[in-house]
Amino acid sequence: LQGIYVISYIPSIAGVLSGKAKESPTAWAVAALAYLFVLISLFLNAPGDWVAFVFPFVNGLLGNGIVAVLVWKKNKRL
């Protein structure tokens, strides 16, 4: 199921890399930060099930984080 979430970021990543999409790195970074807080909460409350960590890590940190970094780097070059 996490593969579907990863695939959903492809249009955003492709748009940023091609220059067709205008994205704000702040919005993506705030979303990644929110998922970081979810992960911290999960670590502190230790649900005992590693599956609980998969969604916030894959969707939050990887998905939003990658787009945030790409947008930031793209904007830095301009």
Run the side-chain donor-acceptor check on residues 52-67: report pairs under 3.5 Å with partners two or more places apart or on a different chain.
unit_1	atom_1	unit_2	atom_2	d
Asn59	OD1	Tyr9	OH	2.7
Asn59	ND2	Tyr35	OH	3.0
Asn64	ND2	Asn59	O	3.3

Between side-chain atoms of residues 25-32 and protein atoms elsewhere (two or more places apart, or another chain), which donor-acceptor pairs fall under 3.5 Å?
unit_1	atom_1	unit_2	atom_2	d
Trp28	NE1	Glu23	OE1	2.9

*Do Ile13 and Val6 sit in the same hydrophobic cluster, where Ile, Leu, Val, Met, Phe, Trp and Tyr count as joined when their side-chain heavy atoms come under 4.5 Å apart?*
no
*With ILVMFWY side chains joined below 4.5 Å, transitively, what does Ile10's cluster contain besides itself?*
Ile7
*Mind checking who shares a hydrophobic cluster with Val69, ILVMFWY linked at side-chain heavy-atom distances under 4.5 Å?*
none
*Roughly how far, to the nearest 0.5 Å, is CG of Asn75 from CG of Leu70?*
11.0 Å
